[in-house]
K.L.:
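Sharing a structure here in structure tokens format.
Any value given below was found using the heavy atoms of this structure, including those in side chains, with hydrogens, waters and symmetry copies removed. This chain uses plain numbering: 1 for the first residue, then up along the sequence.
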Amino acid sequence: MTIIAPGTDTLTRNALAVLQPGFDGTTAPDWVRRRIDEGLASVALFGRNVVSEEQVTALTAQLRAGRDDLLVAIDEESGDVTRLDVRTGSAFPGNHALGAVDDPGLTRSVARELGRRLAACGVTFDWAPSADVNANPDNPVIGVRSFGASPDLVARHTAAWVEGLQSSGVAACTKHFPGHGDTNVDSHHAVPRIDVDADTLYERELPPFRAAIAAGTRAIMSAHILVPALDPDRPGTLSPRILTDLLRGELGYQGLIVTDGIEMRAISGTYGLNQGVVLAIAAGADAICVGGGLCDEGTVLGMRDALVAAVRSGELPEERLADAAARVRDLAAWTAAHRDDAARTTPDPEIGLVAARRALTVTRTGAAAPVTGPVYIARFNPAPNIAVGHETPWGVADELERLLPGSASGTFTGDDAGAAALAAAGEHRIVAVVRDEHRHPWMRSALDTLLAARPDTVVVEMGLPQAPPRGALHLATYGAARVCGVAAAEAVLAG
């Protein structure tokens with residue numbers, strides 16, 4: 001039952017309703033519970049809020065004590081971007097691995113099992129899947145988060161992922177509209193720009209979003225990108241032409257529109273946090289994602305007050321804010337009505353590993369003896385993008401050290417990484433683990449050094465496999481999820 005706080009006017013309640021804030025800690029803060037009583041309809045969970053599934057279940061129950069239909073959102077793409085498995089690595093491969101297999105039925109099954117796990121923890125809204133077409137392999141923020149470079153492939157897997165997740169009663173949020181795949185700037189830091197003509201956008205970026213809409217996606221997330229062919233002045237999140245005219249009007253989408261993290265520098269650094277919130281709602285967004293970085297009560301109250309002031313000044317039509325709040329409450333009602341759907345699905349806890357094994361590509365580029373004894377695992381570690389974060393472990397070391405007792409491992413980066421890895425390995429056979437070798441000259445140089453001295457080195461690429469396969473054995477996992485590491489370690493032993 002929802003408790004209405006006395007004295008909270010409709011305008012203030014609507015302003016709170018459109019916010020989807022995060023918070024600090026692994027239990028529900030008092031300030032969050034007070035704001036739920038006053039109209040807050042959504043909260044967001046991040047890695048900092050997660051210790052275990054049991055703890056998350058208790059946390060969501062705390063949060064719902066004052067509002068049974070509270071939307072609890074999470075940024076759980078599986079693969080490299082995981083919050084539920086933030087401390088262990090994901091039990092599911094990400095989009096690029098699923099796209100490499102290209103079996104929509106498998107994609108649907110993986111998303112269904114992910115949805116079942118989320119629902120069991122009380123999470124009802126997932127800011128996923130990424131429907132971005134990986135048109136630029138040097139993209140610093142999308143990469144393996146994309147199903148692939150073909151619009152048709154991305155479209156069919158986006159639809160399958162949406163259908164699978166929502167069959168468990170968890171609402172999907174397809175992102176990042178109108179498409180973040182052809183950028184070379186991370187919108188966490190600045191405003192990316194896509195300089196292609198409208199025909200290219202319609203033929204390349206939009207088909208996955210059309211497919212998601214046809215599949216019934218309950219939400220779509222906007223991108224903080226400037227697309228001059230659509231709007232030369234405003235990034236997607238703040239553009240009426242993109243959100244209202246294109247997404248609502250031309251594509252006929254009637255579900256919830258959520259912004260990407262509003263505190264990202266692409267918005268807050270250019271327009272200011274609170275003004276960005278007002279402009280986003282005015283442009284056609286219905287909900288504001290915030291809390292990946294800023295997760296305090298003052299941030300929420302500042303955004304609430306900015307919306308109220310904008311309505312009272314005439315800058316933001318009250319009807320627009322009311323419509324946005326109504327769409328949030330409609331989605332909350334949908335998730336409450338479908339809360340038991342997950343219980344009707346059959347658990348399939350091994351589907352993630354099955355998918356990771358199917359995605360693995362093995363290339364033998366030279367003759368070498370099978371791996372039978374202890375090895376040295378050299379992980380060449382690039383700086384992670386903010387979406388992935390630095391908390392989640394990746395690689396093959398844990399599994400190889402378990403399978404090959406006596407093995408050792410180390411992490412290397414920078415210009416002397418190859419020489420340092422050689423020195424650390426001693427006489428051990430080397431397994432070199434890389435992530436997006438094609439994007440990092442120092443990583444490519446490190447492999448050059450290793451392979452010149454030790455041509456029997458096994459290379460495991462856990463990012464985009466754009467560089468030519470090399471090493472006595474080359475394994476491409478299409479992502480760095482924990483199950484991808486397990487599948488790769490098994491293949492190292494199999495030779």
K.L.:
How far apart are the closest heavy atoms of Ala119 and Ser168, and which atoms are they?
P.N.:
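Looks like CB-O, 3.9 Å.
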
K.L.:
Decide yes or no for Ile74 and Trp127: does some side-chain heavy atom of the first lie under 4.5 Å from some side-chain heavy atom of the second?
P.N.:
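The answer is no; the side chains never approach within 4.5 Å.
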
K.L.:
Under 3.5 Å, side chain of Asp286 to main-chain N/O of Ile257, donor-acceptor pair present?
P.N.:
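Present.
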
K.L.:
Is a salt bridge present between Arg339 and Asp68, judged by a nitrogen-to-oxygen distance below 4.0 Å?
P.N.:
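Answer for the salt bridge query: yes.
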
K.L.:
Does Arg379 reach the side chain of Arg435, with side-chain heavy atoms less than 4.5 Å apart?
P.N.:
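Result no, sub-4.5 Å side-chain heavy-atom pair not found.
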
K.L.:
Go through the steps for Val86 and Phe46 under the test side-chain contact (heavy atoms from CB on, under 4.5 Å), then give the verdict.
P.N.:
CA-CA 9 Å; Val86 65; Phe46 294 88; over 6 Å; no

K.L.:
Which distance, rounded to the nearest 0.5 Å, do you find between the CZ of Phe147 and the CG of Leu153?
P.N.:
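Here the interatomic distance stands at 8.5 Å.
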
K.L.:
Does Pro178 offer a backbone N or O that forms a donor-acceptor pair with the side chain of Glu205 under 3.5 Å?
P.N.:
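Here the side-chain-to-backbone pair does not exist.
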
K.L.:
Would you mind telling me which of Leu84, Leu118, Asp75 makes a side chain to side chain contact (heavy atoms under 4.5 Å, CB included) with Asp126?
P.N.:
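When Leu84, Leu118, Asp75 are each tested with Asp126, the side chain to side chain contact (heavy atoms under 4.5 Å, CB included) holds only for Leu118.
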
K.L.:
Quick test of your reading of the model: are Arg193 and Asp195 salt-bridged, counting only N-O distances below 4.0 Å?
P.N.:
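Between Asp195 and Arg193 there is a salt bridge, with a charged N closer than 4.0 Å to a carboxylate O.
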
K.L.:
For residues His338 and Trp334, establish whether the separation of their ring centroids is below 6.0 Å.
P.N.:
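That pair passes the under 6.0 Å test.
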
K.L.:
Just how far is it from atom CG of Leu59 to atom CD of Glu54, taken to the nearest 0.5 Å?
P.N.:
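Those atoms lie 13.0 Å apart.
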
K.L.:
Taking all non-hydrogen atoms of both residues into account, name the closest pair between Thr60 and Cys121 and its distance.
P.N.:
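In this case the closest contact between Thr60 and Cys121 is OG1-O, 2.7 Å.
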
K.L.:
Any non-hydrogen side-chain atom of Val460 less than 4.5 Å from a side-chain atom of Leu475?
P.N.:
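Side chain of Val460 against side chain of Leu475, heavy atoms only: contact under 4.5 Å found.
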
K.L.:
Does any non-hydrogen side-chain atom of Ser42 lie less than 4.5 Å from one of Phe125?
P.N.:
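No. Closest side-chain heavy atoms not under 4.5 Å.
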
K.L.:
Lys175 and Phe209: side-chain contact (heavy atoms from CB on, under 4.5 Å), yes or no, with the steps?
P.N.:
CA-CA 8 Å; Lys175 62 189 184 185; Phe209 292 98; 5.7 Å; no

K.L.:
Salt bridge check, Arg204 against Asp132: does any charged N sit closer than 4.0 Å to a carboxylate O?
P.N.:
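Salt bridge between Asp132 and Arg204, a charged N being under 4.0 Å from a carboxylate O: no.
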
K.L.:
Using a distance-only test with no angle check, is there a side-chain donor-acceptor pair under 3.5 angstrom linking Asn95 and His157?
P.N.:
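Asn95 vs His157: no donor-acceptor pair found between side chains.
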
K.L.:
Side chains of Glu76 and Thr82 only: does a donor on one sit below 3.5 Å from an acceptor on the other?
P.N.:
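Judged by distance alone, the side chains do pair up.
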
K.L.:
Are Val170 and Thr335 packed together at the side-chain level, in the sense that at least one heavy-atom pair is separated by less than 4.5 angstrom?
P.N.:
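A side-chain contact is absent here, since even the closest heavy-atom pair is not under 4.5 Å.
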
K.L.:
If I compare all heavy atoms of Ala17 with all of Arg329, which pair ends up nearest, and what's the gap?
P.N.:
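Between these two residues, the closest heavy atoms are CB-NH2, 3.6 Å.
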
K.L.:
If you measure only the distance, is there a donor-acceptor pair under 3.5 Å linking the side chains of Thr477 and Glu461?
P.N.:
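No, no side-chain donor-acceptor pair sits under 3.5 Å.
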
K.L.:
Check this for me, if you would: do Arg327 and Asp323 make a salt bridge, where the nitrogen-to-carboxylate-oxygen distance has to be below 4.0 angstrom?
P.N.:
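Counted as a salt bridge, because a side-chain N and a carboxylate O are separated by less than 4.0 Å.
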
K.L.:
Taking atom types as modelled, find out whether Asp152 and Ser150 have a side-chain donor-acceptor pair closer than 3.5 angstrom.
P.N.:
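Asp152 vs Ser150: no donor-acceptor pair found between side chains.
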
K.L.:
Given the rule in the side-chain contact (heavy atoms from CB on, under 4.5 Å) test, do Glu113 and Phe92 qualify, once you have shown the distances and angles that lead to the verdict?
P.N.:
CA-CA 9 Å; Glu113 179 63 15; Phe92 305 97; 3.6 Å; yes

K.L.:
For Val18 and Ala325, which heavy atoms make the closest approach, and how far apart are they?
P.N.:
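Looking at all heavy atoms of both residues, the closest pair is CG1-N, 3.7 Å.
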
K.L.:
Do Arg439 and Asn139 pair up side chain to side chain, a donor and an acceptor below 3.5 Å, judged on atom types alone?
P.N.:
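There is no such pair (donor and acceptor under 3.5 Å, judged by atom type) between the side chains of Arg439 and Asn139.
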
K.L.:
Does Asp341 form a salt bridge (charged side-chain N to carboxylate O under 4.0 Å, His left out) with Arg112? I'd like the steps, not just the answer.
P.N.:
CA-CA 11 Å; Asp341 288 4; Arg112 181 183 300 115; over 6 Å; no

K.L.:
Any side-chain to backbone donor/acceptor pair from Ser268 onto Glu263? Under 3.5 Å, distance only.
P.N.:
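It does hold such a pair.
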
K.L.:
Whether the side chain of His224 engages the backbone of Gly261 through a donor-acceptor N/O pair (distance < 3.5 Å, no angle test) should be reported.
P.N.:
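Looks like yes, one N/O pair under 3.5 Å.
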
K.L.:
Mind listing the closest non-hydrogen atom pair of Thr244 and Arg248 along with its distance?
P.N.:
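Looking at all heavy atoms of both residues, the shortest contact is O-CB, 3.1 Å.
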
K.L.:
Are Leu45 and Phe23 close enough that some pair of their side-chain heavy atoms sits under 4.5 Å apart?
P.N.:
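In short, these two side chains touch, coming nearer than 4.5 Å.
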
K.L.:
Does this structure show an ion pair linking Arg156 with Asp102, if we count only N-O contacts that are shorter than 4.0 Å?
P.N.:
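Looking at Arg156 and Asp102, the cut-off is met.
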
K.L.:
Treating His96 as the side-chain partner and Ser146 as the backbone partner, does any N or O pair qualify as donor plus acceptor under 3.5 Å?
P.N.:
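Yes, His96 side chain to Ser146 backbone: donor-acceptor pair under 3.5 Å.
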
K.L.:
Does Leu246 reach the side chain of Leu206, with side-chain heavy atoms less than 4.5 Å apart?
P.N.:
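In contact.
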
K.L.:
Please test Leu353 against Glu350 for side-chain contact (heavy atoms from CB on, under 4.5 Å), starting from the C-alpha separation and ending with a verdict.
P.N.:
CA-CA 6 Å; Leu353 183 55; Glu350 294 301 311; 4.1 Å; yes

K.L.:
Between the main-chain N or O of Glu490 and the side-chain N or O of Glu399, is there a donor-acceptor pair closer than 3.5 Å?
P.N.:
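Side chain of Glu399 to backbone of Glu490, a donor-acceptor pair under 3.5 Å: no, none is there.
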
K.L.:
Please report the interatomic distance CD1(Ile351) to CG(Leu106), rounded to the nearest 0.5 Å.
P.N.:
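It is 5.0 Å, given to the nearest 0.5 Å.
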
K.L.:
Run the salt-bridge test on Arg116 and Asp348 with the 4.0 Å N-O cut-off and return the result as yes or no.
P.N.:
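Salt bridge between Arg116 and Asp348, a charged N being under 4.0 Å from a carboxylate O: no.
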
K.L.:
Are any side-chain N or O atoms of Ser109 and backbone N or O atoms of Gly105, one a donor and one an acceptor, separated by less than 3.5 Å?
P.N.:
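Here the side-chain-to-backbone pair exists.
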
K.L.:
Under 3.5 Å, is there a donor-acceptor pair between the Ser239 and Asp231 side chains?
P.N.:
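Note: Ser239 and Asp231 side chains meet the donor-acceptor criterion.
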
K.L.:
Less than 4.0 Å between a side-chain N and a carboxylate O, is that true for Arg87 and Asp85?
P.N.:
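Salt bridge flag = no for Arg87 with Asp85.
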
K.L.:
About how many Å separate CZ of Arg470 and CG of Leu447, when rounded to the nearest 0.5 Å?
P.N.:
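Separation between the atoms: 4.5 Å.
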
K.L.:
Going from CG on Asp103 to CZ on Arg108, what distance comes out if it is rounded to the nearest 0.5 angstrom?
P.N.:
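That separation rounds to 9.0 Å.
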
K.L.:
Testing the basics here: between Arg117 and Ala91, what is the closest heavy-atom pair and its distance to 0.1 Å?
P.N.:
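Distance-wise, the nearest heavy atoms are NH1-CB, 3.8 Å.
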
K.L.:
Strictly by modelled atom types, are Asp80 and Trp394 linked by a side-chain donor-acceptor pair under 3.5 Å?
P.N.:
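Side chains of Asp80 and Trp394: no pair found under 3.5 Å.
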
K.L.:
Checking Thr217 against Tyr253: is there a side-chain donor and acceptor pair closer than 3.5 Å?
P.N.:
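No, no side-chain donor-acceptor contact under 3.5 Å.
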
K.L.:
Donor-acceptor pair, distance only, cut-off 3.5 Å: does the side chain of Arg64 make one with the backbone of Gly122?
P.N.:
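Present.
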
K.L.:
Has the side chain of His474 got a donor or acceptor atom that lies under 3.5 Å from a matching backbone atom of Thr361?
P.N.:
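No: the side chain of His474 does not pair with the backbone of Thr361.
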
K.L.:
Quick one: does Cys289's side chain get under 4.5 Å of Ile262's, heavy atoms only?
P.N.:
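No, their side chains stay 4.5 Å or more apart.
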
K.L.:
Ser222 and side chain to side chain contact (heavy atoms under 4.5 Å, CB included): which partner among Ile242, Val258, Leu238, Leu243?
P.N.:
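So the option named by the test is Leu243.
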
K.L.:
Taking only Lys NZ, Arg NE, NH1 and NH2, and the carboxylate oxygens of Asp or Glu, determine whether Glu437 and Arg444 approach each other closer than 4.0 Å.
P.N.:
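Here Glu437 does not pair with Arg444 in a salt bridge, since their nearest N and O are not under 4.0 Å apart.
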
K.L.:
Under the 3.5 angstrom rule, does the side chain of Thr299 hit a backbone N or O of Cys295 as a donor-acceptor pair?
P.N.:
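It does not hold such a pair.
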
K.L.:
As an exercise, state the distance from CG of Asp436 to CE of Met443, rounded to the nearest 0.5 Å.
P.N.:
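Reported value, rounded in 0.5 Å steps: 7.0 Å.
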
K.L.:
Kindly indicate, with the supporting measurements, whether the criterion side chain to side chain donor-acceptor pair (under 3.5 Å) is fulfilled by Ser409 and Glu401.
P.N.:
CA-CA 8 Å; Ser409 62; Glu401 288 173 3; 2.8 Å; yes

